Visitor: 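The structure that follows is given in the form of structure tokens.
Please read these numbers as outputs of a predicted model, since none were measured by experiment.
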Amino acid sequence: MGDPNGIGPEILVRAFAQGDVPGGYVLGDAAVMRRAAAWVAAADNARDPATHAAVLPLPVALIGEPADALDLPPGVLPVWPVPGLPAGLAAQPPGRIAADAGRAAAACIRAGIAQVRAGQAAALVTAPIHKEALAAAGEPYPGHTELLQAEGGRPGEALPPVRMMLANEELKTVLVSIHVALRQAIEQVTAENVLATIRIAHAAAAGWGQPRPRIAVAGLNPHAGEGGLFGDEEIRHIAPAVAAARAEGIDAQGPFAPDTVFMRARAGEFDLVIAQYHDQGLIPVKYLGVEQGVNVTLGLPFVRTSPDHGTAFDKAGLGCADPASLIAAARMARRLAGA
């Protein structure tokens, strides 16, 4: 359900009410989901009460096992109550950073990991969480991706190398580094990290029907370093990584100037772009519209997607948040999981 004080519960209600999550269920708190259903119904009733019958809140049904969701009729939101959630979550005001909210969000993610790893679900779709709430709860991870990497592997095994991909129908970008300071992100531009990112992206592309994707690799510096005039990371790290990938049979090219490579990919020249740091890759995709953007964690032993937006605390509790990105994430998850 994501952070209970954000818009996650509300967009889940809208997605289930529209029938856009067939076979899905929510891991979370039933009272939080009922509160969200009430907000959504109130918003719909306030829109133009004279022209339609009153909208009732979407019914919320508790399920004992994930498979029970398949037996419920349409128009019902199944909730698997995650054990150990903090009490009184539905009594907290929406749009606020709270340690209990971060604690609840992390518990739901861990429950989801356990269920997909046990084969009880085909894929995991995560609603938005708030990184400050996660930190307030004492979580050692700055975001979803790091938590999934740390706890998504098998017991006793090394952490799987994972990467964050943001995608819509026009552009796919995969990031070398994720939630770190820009100075640290630059330090992480090494031949090893860039090559690992290319490999992970190449392997993952088969899941969406591109067994041999055309991969463009963005440079780090303006004009991709201009032959070393504006920085030499391209010469020392990025170009060798591209050459190594090509030696392995991967169709990788670059490094290309970051200010034009995303346009070239959008125009159809490449299937995806390797971006060197968080904002370099996410700004182009989000500029095209967060409504259809999907965040996919590549490299995990299961499918995980999420919407391309945050908790939107300014909209929480109003019942009007757009579920389009969540619906796109659910559809992407079904496609990647073959469900």
Side-chain angles (χ1 to χ4, degrees), residues 1-16 21 24-43 57-58 60 62-63 77-115 124-152 164 178-179 290 295 297 304-323 325-326 329-330:
M1 69 174 179
D3 189 303
N5 293 345
I7 63 169
E10 295 166 63
I11 59 176
L12 283 165
V13 166
R14 287 206 175 274
F16 276 86
V21 197
Y25 62 97
V26 175
L27 296 103
D29 180 274
V32 167
M33 298 310 302
R34 290 190 178 108
R35 179 180 73 166
W39 286 336
V40 168
L58 186 71
V60 172
L62 293 179
I63 57 174
L77 194 157
V79 175
W80 188 85
V82 174
L85 292 185
L89 289 171
Q92 293 189 5
R96 301 280 184 86
I97 297 170
D100 275 355
R103 206 165 286 119
C108 292
I109 297 166
R110 289 189 172 93
I113 292 171
Q115 290 186 0
L124 176 63
V125 181
T126 57
I129 62 174
H130 199 286
K131 294 176 177 58
E132 288 186 55
L134 210 62
E139 288 290 335
Y141 312 111
H144 272 124
T145 306
E146 294 83 0
L147 195 161
L148 289 158
Q149 179 187 24
E151 305 199 11
M164 177 178 172
I178 307 173
H179 299 119
V290 297
N295 180 355
T297 304
R304 177 266 173 168
T305 67
S306 75
D308 173 24
H309 59 72
T311 51
F313 277 172
D314 59 322
K315 294 182 179 180
L318 302 179
C320 61
D322 186 350
S325 185
L326 175 74

Visitor: What's the spacing between Asp3 CG and Arg96 CZ if we round to 0.5 Å?
Guide: 13.0 Å
Visitor: So which atom in Gln92 and which in Ala98 form the shortest heavy-atom distance, rounded to 0.1 Å?
Guide: OE1-CB, 3.4 Å
Visitor: In Å, rounded to the nearest 0.5 Å, how long is the span from CZ of Arg14 to CD1 of Ile7?
Guide: 11.0 Å
Visitor: Can you tell if the side chain of Trp39 reaches within under 4.5 Å of the side chain of Pro94, non-hydrogen atoms only?
Guide: yes
Visitor: What is the distance from atom NE2 of His144 to atom CE of Met164, rounded to the nearest 0.5 Å?
Guide: 10.5 Å
Visitor: Any sub-3.5 Å donor-acceptor pair from Gln115's side-chain atoms to Gly112's backbone N or O?
Guide: no
Visitor: Shortest non-hydrogen contact from Ala106 to Glu139?
Guide: CB-OE2, 3.4 Å
Visitor: Do Leu148 and Leu124 come within less than 4.5 Å of each other through their side chains, counting heavy atoms only?
Guide: yes
Visitor: Taking it one step at a time, do Leu85 and Cys108 satisfy side-chain contact (heavy atoms from CB on, under 4.5 Å)?
Guide: CA-CA 8 Å; Leu85 292 185; Cys108 292; 4.3 Å; yes
Visitor: So, taking the atom named CD in Gln149 and the one named OH in Tyr141, what distance separates them when rounded to the nearest 0.5 Å?
Guide: 9.5 Å
Visitor: I'd like to check Asn295 versus Asp308 (side-chain heavy atoms, cut-off strictly below 4.5 Å). Are they in contact?
Guide: no
Visitor: Give a yes or no answer on whether the side chain of Glu10 reaches the backbone of Gly319 with a donor-acceptor pair at less than 3.5 Å.
Guide: yes
Visitor: Could you walk me through whether His309 and Ile11 pass the side-chain contact (heavy atoms from CB on, under 4.5 Å) check?
Guide: CA-CA 12 Å; His309 59 72; Ile11 59 176; 3.8 Å; yes
Visitor: Determine the minimum heavy-atom distance between Ala316 and Gly95, stating which atoms define it.
Guide: CB-N, 3.8 Å
Visitor: Can you tell if the side chain of Val40 reaches within under 4.5 Å of the side chain of Leu58, non-hydrogen atoms only?
Guide: no
Visitor: Taking the side chain as everything from C-beta on, heavy atoms only, tell me whether Ile113 gets closer than 4.5 Å to Leu147.
Guide: yes
Visitor: Applying side-chain contact (heavy atoms from CB on, under 4.5 Å), run through Arg304 and Thr145 and close with a yes or a no.
Guide: CA-CA 10 Å; Arg304 177 266 173 168; Thr145 306; 4.2 Å; yes
Visitor: Closest approach of Leu89 and Ala104, non-hydrogen atoms and distance?
Guide: CD1-CB, 3.7 Å
Visitor: On a heavy-atom basis, which atom in Pro78 and which in Phe16 lie closest, and how many Å separate them?
Guide: CD-CE2, 3.7 Å
Visitor: Which is it for Val26 and Val60 under the side-chain contact (heavy atoms from CB on, under 4.5 Å) test, yes or no, and what are the steps along the way?
Guide: CA-CA 10 Å; Val26 175; Val60 172; over 6 Å; no
Visitor: Compare every heavy atom of Pro323 with every heavy atom of Ala15, then report the nearest pair and how far apart it is.
Guide: N-CB, 4.2 Å
Visitor: How long is the span from the OG1 atom in Thr311 to the CD atom in Glu132, to the nearest 0.5 Å?
Guide: 9.5 Å
Visitor: Could you grab the distance from atom CE of Met33 to atom CE of Met1, nearest 0.5 Å is fine?
Guide: 8.0 Å
